[in-house]
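Heads up, the thing below is written out as structure tokens.
Residue numbers run from 1 in the order of the sequence given.
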Amino acid sequence: MADETATFDAIMEKFADSPSQQAVIRLLLERGFSVSDEGRVVSGGIEIPNTGIAREAGVDRRVVDATTDAILDDDELRRIFQNISAIPSLMDLAPVLDLTVLAVAVRDAEESGIVATVTSAIADRGISIRQTISEDPEFTDEPRLYVITDEQLPGALINEIRELPFVHSIELR
């Protein structure tokens with residue numbers, strides 16, 4: 001992997017003989033959990049017990065130990081998992097904070113300009129964007145762009161975004 005780009009598939013391939021370890025890897029990547037020099041799963045400076053990771057991933061705690069050991073034994077994996085971090089999302093807080101979440105499913109997530117086009121359409125209406133989250137197409141089968149705004153989106157804007165050629169569907173939350 002040193003000579004190739006570290007893609008999700010390349011990471012998962014290293015654990016091809018262990019679906020249980022793949023489940024742990026997927027959880028670490030999805031949650032933005034790091035692995036410390038001591039082989040502990042951490043979020044920032046907070047250690048997450050392996051039993052909790054195992055329970056969430058649906059594996060035995062020893063699988064978590066074996067996975068973190070494998071990560072530390074591989075220079076490329078070590079570099080990835082010691083530098084990953086989580087970003088807090090406003091999506092779950094949107095109803096409490098009276099924010100609007102626009103979820104945009106796209107036809108081809110590899111197409112360039114998706115985020116710029118959608119956020120420009122919103123900003124051109126003078127609507128403040130609090131956060132954007134763009135799911136990586138390597139981590140999910142149906143990646144979405146989430147745009148969290150301070151106010152409701154007008155119907156004309158929703159229709160404009162819906163009609164963009166790369167948009168498959170939209171949802172307001």
Common cluster, Leu72/Val63, ILVMFWY with side-chain heavy-atom separation under 4.5 Å: yes
Between Lys14 and Gln22, is any pair of side-chain heavy atoms under 4.5 Å apart? no
Same apolar cluster (I L V M F W Y, side chains within < 4.5 Å links), Val41/Met12: yes
Are Leu145 and Ile129 linked, directly or through other ILVMFWY residues, by side chains that come within less than 4.5 angstrom of each other? yes
OG on Ser128 to CD1 on Ile122, rounded to 0.5 Å: 10.5 Å
Looking at every non-hydrogen atom in both residues, tell me the closest pair between Ala121 and Glu160 and how far apart they are. CB-OE2, 3.6 Å
Going by the salt bridge (charged side-chain N to carboxylate O under 4.0 Å, His left out) test, which pairs reach into residues 17-33, not counting sequence neighbours? Arg31-Glu56
By side chain to side chain donor-acceptor pair (under 3.5 Å), which residues pair with Arg107, not counting sequence neighbours? none
Taking only residues two or more places apart in sequence, or in another chain, which ones meet Asp65 in a side chain to side chain donor-acceptor pair (under 3.5 Å)? Asn50, Arg61
Qualifying residue, where the test is side chain to side chain contact (heavy atoms under 4.5 Å, CB included) with Leu28 and the options are Ile11, Val35, Ile48, Ile80: Val35
Arg55: what forms a salt bridge (charged side-chain N to carboxylate O under 4.0 Å, His left out) with it, not counting sequence neighbours? none
Please tabulate, one pair per line, all N/O donor-acceptor pairs under 3.5 Å involving side-chain atoms of residues 83-95, not counting sequence neighbours.
| unit_1 | atom_1 | unit_2 | atom_2 | d |
| --- | --- | --- | --- | --- |
| Asn83 | ND2 | Arg79 | O | 2.6 |
| Ser89 | OG | Met91 | N | 3.1 |

Going by heavy atoms in the side chains, are Thr68 and Gln21 under 4.5 Å from each other? no
Do Ile148 and Ile161 belong to the same hydrophobic cluster, where Ile, Leu, Val, Met, Phe, Trp and Tyr are linked whenever their side-chain heavy atoms lie under 4.5 Å apart, directly or via other members? no
For residues 166-173, which side-chain donor-acceptor pairs fall under 3.5 Å, sequence neighbours excluded?
| unit_1 | atom_1 | unit_2 | atom_2 | d |
| --- | --- | --- | --- | --- |
| Glu171 | OE2 | Arg173 | NE | 3.3 |

Might you work through the side chain to side chain contact (heavy atoms under 4.5 Å, CB included) test for Glu111 and Val106, ending with a clear yes or no? CA-CA 9 Å; Glu111 189 173 328; Val106 297; over 6 Å; no
With sequence neighbours excluded, tell me which residues meet side-chain contact (heavy atoms from CB on, under 4.5 Å) with Ala70. Phe15
Atom CD of Gln82 with >12 non-hydrogen neighbours under 6.0 angstrom: yes
If you count every heavy atom of other residues, nucleotides or ligands that lies below 6.0 Å from Arg62 atom CZ, does the total exceed 12? no
Using a 4.5 Å side-chain heavy-atom cut-off and chaining through intermediate ILVMFWY residues, the residues clustered with Val42 come out as none
Between Asp150 and Leu99, is there a side-chain heavy-atom distance shorter than 4.5 Å? yes
Around atom CG of Asp98, are there more than 12 heavy atoms from other residues, nucleotides or ligands closer than 6.0 Å? no
Step by step, would you call Val59 with Val24 a side chain to side chain contact (heavy atoms under 4.5 Å, CB included)? CA-CA 8 Å; Val59 301; Val24 172; 3.8 Å; yes
Within this structure, what is the CZ-CD1 distance for the pair Arg40 and Ile46, rounded to the nearest 0.5 Å? 14.5 Å
Would Val104 end up clustered with Tyr146 when hydrophobic side chains under 4.5 Å apart are linked, directly or stepwise? no
Using atom types as modelled and distance alone, determine if a side-chain donor or acceptor of Thr7 lies under 3.5 Å from a backbone N or O of Ala10. yes
If I compare all heavy atoms of Ala57 with all of Ala23, which pair ends up nearest, and what's the gap? O-CB, 3.8 Å
What distance separates Thr119 OG1 from Ile114 CD1, expressed to the nearest 0.5 Å? 11.5 Å
I want to check something: taking the side chain as every heavy atom from C-beta on, are Ser43 and Phe33 in contact at a cut-off of under 4.5 Å? yes
Suppose we screen for side chain to side chain donor-acceptor pair (under 3.5 Å). Which residues come up paired with Asn159, at least two apart in sequence or across chains? Arg162
Hey, does the side chain of Thr100 reach the backbone of Glu151 with a donor-acceptor pair shorter than 3.5 angstrom? yes
Partner set under salt bridge (charged side-chain N to carboxylate O under 4.0 Å, His left out) for Asp136, not counting sequence neighbours: none
Smallest heavy-atom separation, Ile127 atom then Gln152 atom, equals CD1-O, 4.3 Å
For Thr132, which residues count as a side chain to side chain donor-acceptor pair (under 3.5 Å) partner, sequence neighbours excluded? none
Could you go through Val101 and Val147, starting from their C-alpha distance and side-chain angles, then the distance that decides it, and tell me whether this counts as side chain to side chain contact (heavy atoms under 4.5 Å, CB included)? CA-CA 6 Å; Val101 178; Val147 182; over 6 Å; no
Start with the C-alpha gap between Thr51 and Val64, add the side-chain angles, then the distance that decides, and say whether side chain to side chain contact (heavy atoms under 4.5 Å, CB included) holds. CA-CA 8 Å; Thr51 53; Val64 179; over 6 Å; no
Listed by chain and number, what are the salt bridge (charged side-chain N to carboxylate O under 4.0 Å, His left out) partners of Glu142, not counting sequence neighbours? Arg144
